[in-house]
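Each chain gets a letter, A, B and so on, in the order its sequence line appears, and its residues count up from 1.
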Amino acid sequence: MQAKGATLPLPSLMPELPEVEHLRRTIEPRLLGRTVTRIEVRRADVCKVWRASAHGEDAAPSASRGLSSARQGLQRLQPDPATLHAALLLGHTFTGTQRRGKELALVAAAAGCARVLCVHLGMTGQLRWHATPPTFAPKAHVHVLWELDGGERVPAAGSKIPGGFMTFADPRRFGGLACLDSAGDLAHRWRAMGLDALTTPPDDLAAALVAELGRANRAVKAALLDQRVVAGVGNIYADEALFAAHILPRKLARRLSPDRVRLLATHLRAILIRAVEAGGSTLRDYVNAEGDRGQAQTLHQVYGRGGLPCLACGLSLQTAQIAQRTTVWCRACQRDRRDWT
DNA sequence: CTGGTCTCCTGATCGC
DNA sequence: TGCGATCAGGAGACCA
């Protein structure tokens, strides 16, 4: 997976939606029914604790900016250690997981009260399961450790259900943990996010993209990366989907025909599904809950291939910064052509 | 309101 | 062999 040619960009570091979904599927069975018995916080600043604020609970945040504005109605706390440990689910038993875009929510309950731990992996984050106590290598950047006991599930005859350990590590710290009080707060947090690019039914995803891109006065690549437009599309899959749909990344989003946008939605969804099936795509840092690497990097048609021949036509692939992201495309295959609608 | 730009942070890599 | 420069990028903060 080494990029040897001098012109080759580095492979991606970051986990995207398929990696997060793969992680969710692999870690959920480890967590369900298990209870957090101990927490070790090695870097508290990766944790943000949110509480529903007293006032203005339901002013629809649609008018505000960014995903953080969806957190209007939520208020950041500066917790003492005991509060932080409770917020990180100490004493809680895991009941489920959810995902929206690149965000993974771990749901747990204690004394009938549910709490939610939202995990965002950023570029270099890892959430991992360990059957035995993990060691902390100096450069591992493990920020939080959870110890879990086996819970009350019925074991195979005569055997005891083992406990385990979960760690959150993130060298670059673009990721983080958000602690929420309830499922309602999670819904609130996710309200400003667009529809999930993977699990939304095809027709709904296409309709949402037609509406959102139709009013976006910026490059389609920039719009795709905006989590309010559609949740879960990062740099890799934005480039891949635009290539598949024959759309130039600099094309003004609102100038795309609805048919072309529907084509884009179809390809985007198919590419994400394929990547999930392949076990997540990335690469150097991404590992699933078991510590295995994903296998999907071979699926990339353009990402990380700037200057190399287009796999469809052989022309050298273009590279430029668009929306502050390295963008790769084929100027022949993605040129506007009416016969592609 | 919108969209564009800066910033955070560390490790891998490359040129000298 | 070592060291500094460069690059990667999700998303919040900030600005025009």
Candidates B/dG11, C/dA8, B/dG3 - which lies nearest the side chain of A/His141:
B/dG11
Would you call the rings of A/Phe168 and A/His143 parallel, tilted or perpendicular if under 30° counts as parallel and over 60° as perpendicular?
tilted
Look at the side-chain N and O atoms of A/Gln324 and state whether any lies under 4.0 Å from the OP1 or OP2 oxygen of C/dG9.
no
Spacing of A/His143 atom NE2 relative to B/dC9 atom P, expressed in whole Å:
12 Å
Identify which nucleotide among C/dA8, B/dG11, B/dT10 has an atom closest to any side-chain atom of A/Met123, counting heavy atoms from C-beta outward.
C/dA8
Atom pair distance, as rounded to whole Å: CG in A/Asp226 and C1' in B/dG3
10 Å
Could you check A/Gln126, A/His141, A/Met123 and say which one makes a side-chain contact (heavy atoms from CB on, under 4.5 Å) with A/Pro171?
A/His141
Assign A/Asn217 to base, sugar-phosphate, or nothing according to its heavy-atom contacts below 4.0 angstrom with the strands shown.
sugar-phosphate
I'd like to know if A/Arg172 reaches the base of C/dA8 with its side chain such that a donor and an acceptor end up less than 3.5 angstrom apart.
yes
Any donor-acceptor pair under 3.5 Å linking the side-chain atoms of A/Thr327 with those of A/Gln321?
no
Closest to the A/Phe174 side chain: B/dC8, B/dT10, C/dA8?
B/dC8
Separation of C/dG10 P from A/Leu224 CG (nearest whole Å):
13 Å
Are the charged groups of A/Glu277 and A/Arg274 less than 4.0 angstrom apart, N to O?
no
Between the side chains of A/Asp185 and A/Arg51, is the shortest nitrogen-to-carboxylate-oxygen separation below 4.0 Å, so that they form an ion pair?
no
Counting only side-chain N and O atoms of A/Thr124, is one of them less than 4.0 Å from OP1 or OP2 of B/dT10?
no
Between P of B/dC6 and CZ of A/Arg325, the distance in whole Å
13 Å
Is the shortest side-chain N/O distance from A/Tyr303 to OP1 or OP2 of C/dG9 below 4.0 Å?
yes
Nucleotide B/dG4, atom P - distance to CD of A/Gln321 in whole Å:
14 Å
Between C/dG12 atom C1' and A/Asp45 atom CG, what is the distance in whole Å?
15 Å
Candidate nucleotides C/dG9, B/dG3, B/dT10, ranked by approach to the side chain of A/Asn235 - the nearest
C/dG9
Using a heavy-atom cut-off of 4.0 Å across all strands, would you classify A/Ala323 as base, sugar-phosphate, or nothing?
nothing
Atom-pair distance (CG on A/Leu225; P on C/dG12), nearest Å
14 Å
State which of B/dC9, B/dG3, B/dG11 makes the closest approach to the side chain of A/Arg173.
B/dC9
Length of the CD-P vector between A/Glu212 and B/dT2, whole Å
10 Å
